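Here is the naming used below: chain letters follow the sequence lines, and residue numbers restart at 1 for every chain. All values derive from a computational prediction rather than experimental measurement.
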Protein chains: 2
Amino acid sequence: MAKGSQEKKRCARIAAIFKTLSHPQRLFLLCCLCEGEAAVSDLQKVCGAPQPVISQHLSRMRREGLVKARRTGTSVRYRIADPRIPAIVRSMEKIFGP
Amino acid sequence: MAKGSQEKKRCARIAAIFKTLSHPQRLFLLCCLCEGEAAVSDLQKVCGAPQPVISQHLSRMRREGLVKARRTGTSVRYRIADPRIPAIVRSMEKIFGP
DNA sequence: GCGATACATTAAAATATGCTAATATTATAT
DNA sequence: ATATAATATTAGCATATTTTAATGTATCGC
């Protein structure tokens, strides 16, 4: 395998995660989940977007391993998949914040 | 101003940065610059993409405040704009790495 | 079972992004 | 001043992403 190829693969992998984080609403949803577990309907209220859009965003974040889900009766509650995720968002805010 | 609106703006801002980081080649370029300043021609060699593509990527990262540039004769050398950036990429690798 | 609630999925239209090719700029050397 | 090397910019096309709208699935209470 060519030199640097390994590094490029790592970048492609991380870039895919960054892409998932690169949508304003999606990132906002993630930030909401940083405060604690929440149902789709809760997120819909604070986010203000149509329900299918929220579901699509959450679905994508789940595929990418950013969040996890569990059913509670008829509702589904989402949560952050890794406790180190909030720190990354906060670091970004410190560096690139207003 | 409505509640949560401030938070949404922050997310939009950070999401824009994430979007810039969300391209494999761009992220690879940034990682190269994490090792130290480099000229466009150097980056072209390790990256293997056409020169205009590299320039476009660098130009965008510059606009977003991720990198800085300075001329040295006929060549332009790029560098990371903030020393805290490499840590973010490394954190991401730790969490989402192979 | 039936209706209602909460969520998920899909397809198609609208929009944004990235690549290519051509051209422009900037600085050095002769 | 002209030529050359290094980098930047632009426009147009191809592709990917987002949104919208409609439909599907699952769970609970009756």
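For A:Thr74, whose side chain is taken as the heavy atoms from C-beta onward, the closest listed nucleotide among C:dT9, D:dT27, C:dA8 is D:dT27. Distance from the side chain of B:Ser55 is smallest for D:dT9 among the nucleotides D:dT9, D:dT19, D:dT18. Closest to the B:Ala39 side chain, of the nucleotides D:dT27, D:dT7, C:dA8, is D:dT7. For A:Pro52, counting side-chain heavy atoms from C-beta on, the closest listed nucleotide (D:dT7, D:dA22, C:dC19) is D:dA22.
Salt bridge present: B:Arg10 and B:Glu7 bring a charged side-chain N and a carboxylate O closer than 4.0 Å.
What separates CZ of A:Arg70 from C1' of D:dA26 is a distance of 17 Å, to the nearest Å. Summarising the geometry, the separation between CD1 on B:Ile54 and P on C:dC19 is reported as 10 Å, rounded to the nearest angstrom. A straight line from CD of A:Gln44 to P of C:dT5 spans 14 Å, rounded to a whole angstrom. Rounding to whole angstrom units, CE of residue B:Met61 and P of D:dT7 are separated by 15 Å. Here D:dT7 presents its C1' atom at 14 Å from NZ of B:Lys45, a figure rounded to the nearest Å.
For C:dC19, one of the phosphate oxygens OP1 or OP2 lies less than 4.0 angstrom from a side-chain nitrogen or oxygen of B:His57. For the OP1/OP2 pair of C:dA16 and a distance below 4.0 Å, the side-chain nitrogens and oxygens of B:Lys19 include no atom meeting the criterion. One finds no side-chain N or O of A:Arg71 lying less than 4.0 angstrom from the OP1 or OP2 phosphate oxygen of C:dA6. Under 4.0 angstrom from either OP1 or OP2 of D:dA5 there lies no side-chain N or O belonging to B:Ser41. Residue A:Tyr78 places none of its side-chain N or O atoms closer than 4.0 Å to OP1 or OP2 of C:dA6. Applying the 4.0 Å criterion to OP1 and OP2 of C:dT15, one finds that A:His23 has every side-chain N and O outside that range.
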Taking it one step at a time, do A:Phe96 and B:Ile85 satisfy side-chain contact (heavy atoms from CB on, under 4.5 Å)? CA-CA 10 Å; A:Phe96 301 101; B:Ile85 291 174; 4.0 Å; yes
B:Leu33 vs B:Leu66, side-chain contact (heavy atoms from CB on, under 4.5 Å): CA-CA, chis, key distance, verdict: CA-CA 10 Å; B:Leu33 295 178; B:Leu66 286 162; over 6 Å; no
Test B:Arg79 against B:Arg70 for side-chain contact (heavy atoms from CB on, under 4.5 Å), laying out the working first. CA-CA 9 Å; B:Arg79 63 186 184 283; B:Arg70 71 184 174 100; 4.0 Å; yes
Apply the test side-chain contact (heavy atoms from CB on, under 4.5 Å) to residues A:Leu21 and A:Arg26: give CA-CA distance (whole Å), side-chain angles for both, the deciding distance (0.1 Å), then the verdict. CA-CA 6 Å; A:Leu21 293 170; A:Arg26 236 161 17 220; over 6 Å; no
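Residue B:Ser75 is in sugar-phosphate contact alone, with no base atom involved, counting any heavy-atom pair closer than 4.0 Å across all strands shown. B:Arg60 comes within 4.0 angstrom of sugar-phosphate atoms only, judged by non-hydrogen atoms across all strands, and of no base. Using a 4.0 Å heavy-atom criterion, one finds that B:Arg62 contacts no nucleic acid atom at all. Base contact: A:Val53 has a heavy atom under 4.0 Å from a base atom. In this structure, A:Arg77 reaches neither bases nor backbone, as no heavy-atom distance under 4.0 Å exists between it and the strands shown. Across all strands, B:Pro50 comes closer than 4.0 Å only to sugar-phosphate atoms, never to a base (heavy-atom distances).
In this structure, B:Ser55 contributes its side chain and B:Pro52 its backbone to no donor-acceptor pair below 3.5 Å.
Between the side chain of A:Gln51 and the base of C:dA6 there is no donor-acceptor pair of N/O atoms closer than 3.5 Å. With hydrogens and angles ignored, a donor-acceptor pair under 3.5 angstrom links the side chain of B:Gln56 to the base of C:dT20. For D:dT18, its base never sits under 3.5 Å from the side chain of A:Gln25 at any donor and acceptor pair.
Taking for each of A:Ser22 and B:Leu58 the nucleotide of DNA chain D with the nearest heavy atom, the 5'-most of the two is the partner of B:Leu58.
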